[in-house]
Asks: 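Sharing a structure here in structure tokens format.
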Amino acid sequence: MFSENLKFLRQKHHMEQIDLANKLGRKSASSISEWEKGKYTPKMKTLIKIAEIFNVNIDDLMIEDLSTLSDEPKTKPVSSIEKHLDVELTQEQWDKVLEYARFISNDNK
């Protein structure tokens, strides 16, 4: 889903692959092209930057079909993990929780 979402978001924001590459500090668009073809997925640090550039949640970027969602704020849970939390988090706090969970899961492999 990431590859389709990346292309969708880039086109929605009227960006060429090279424009996104430059925003990510890259000199060429080859990585962007490979990501959009689904050949590779960028590292977490880059995924975070992409999510920030397009103002989307990393979970949504990786899992949801963003082309079918409206631009209105979501009222559904950001992730299945959220229903297990007894607190309300800001989007920034939630992104940090997800990043930490992914970090821990990678350590256990």
Side-chain angles (χ1 to χ4, degrees):
M1 191 84 291
F2 168 74
S3 59
E4 294 91 348
N5 283 338
L6 180 62
K7 186 172 184 176
F8 168 75
L9 290 169
R10 182 179 57 75
Q11 292 175 339
K12 179 180 175 183
H13 287 84
H14 309 288
M15 295 174 72
E16 298 292 328
Q17 289 180 341
I18 191 66
D19 299 325
L20 179 57
N22 290 335
K23 286 183 179 280
L24 294 171
R26 297 172 182 265
K27 294 183 180 179
S28 78
S30 61
S31 293
I32 311 302
S33 175
E34 299 294 302
W35 299 338
E36 289 184 1
K37 290 176 186 173
K39 290 187 177 183
Y40 305 102
T41 302
K43 293 182 180 179
M44 180 57 90
K45 191 174 183 179
T46 304
L47 287 171
I48 291 169
K49 283 184 181 179
I50 292 169
E52 288 173 356
I53 288 168
F54 295 119
N55 195 28
V56 296
N57 179 282
I58 295 173
D59 232 18
D60 293 345
L61 180 63
M62 301 304 293
I63 299 168
E64 296 288 335
D65 181 355
L66 297 178
S67 67
T68 64
L69 299 178
S70 71
D71 288 334
E72 296 176 27
K74 289 205 269 180
T75 56
K76 67 178 185 174
V78 178
S79 165
S80 59
I81 297 171
E82 187 176 31
K83 64 184 172 187
H84 300 288
L85 294 176
D86 237 0
V87 296
E88 291 201 13
L89 302 175
T90 65
Q91 187 63 49
E92 182 177 304
Q93 291 168 323
W94 184 244
D95 289 344
K96 288 179 183 178
V97 168
L98 291 173
E99 181 180 351
Y100 182 70
R102 287 186 184 101
F103 173 77
I104 289 174
S105 70
N106 287 334
D107 279 354
N108 293 326
K109 290 183 180 178

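The figures here come from the full heavy-atom set of this structure, side chains too, leaving out hydrogens, waters and symmetry mates.
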Asks: Nearest 0.5 Å, what's the CD-CG distance between Glu92 and Asn57?
Replies: 12.5 Å
Asks: In Å, rounded to the nearest 0.5 Å, how long is the span from OG of Ser31 to CD of Glu36?
Replies: 11.5 Å
Asks: What I'd like to find out is whether the side chain of Met15 reaches to under 4.5 Å of the side chain of Phe54, using heavy atoms alone.
Replies: yes
Asks: Can you tell me how far the OG atom of Ser33 sits from the CD1 atom of Ile18, to the nearest 0.5 Å?
Replies: 11.0 Å
Asks: Asn5 side chain to Glu64 main-chain N or O, any donor-acceptor pair under 3.5 Å?
Replies: yes
Asks: Around Glu34, counting heavy atoms of other residues, nucleotides and ligands shown, do more than 12 lie under 6.0 Å from its CD?
Replies: yes
Asks: How many angstroms lie between NZ in Lys23 and NE2 in His13, if you round to the nearest 0.5 Å?
Replies: 9.5 Å
Asks: Quick check: is Ile32 connected to Leu66 through a chain of hydrophobic side chains (ILVMFWY, heavy atoms under 4.5 Å apart)?
Replies: yes
Asks: Would you say that Ile53 contacts Leu24 through its side chain, given a criterion of any heavy-atom pair below 4.5 Å between the two side chains?
Replies: yes
Asks: Answer yes or no: is there a side-chain heavy-atom contact under 4.5 Å between Leu20 and Trp35?
Replies: no
Asks: Within a strict 4.5 Å, meaning less than it, do heavy atoms of the His14 and Asp19 side chains meet?
Replies: no
Asks: Quick one: do Ile63 and Phe2 end up in the same hydrophobic cluster if we chain Ile, Leu, Val, Met, Phe, Trp and Tyr together by side-chain heavy atoms under 4.5 Å apart?
Replies: yes
Asks: Which heavy-atom pair separates Leu47 from Ile58 by the least distance, and what is that distance?
Replies: O-CG1, 4.4 Å
Asks: At their closest point, which heavy atom of Ala21 faces which heavy atom of Ala29, and how far apart are they?
Replies: CB-CA, 4.0 Å
Asks: Among the clusters formed by ILVMFWY side chains lying less than 4.5 Å apart, do Leu61 and Met44 turn up in the same one?
Replies: yes
Asks: Would you give the length of the straight line joining atom OG of Ser67 to atom NZ of Lys7, rounded to the nearest 0.5 angstrom?
Replies: 12.0 Å
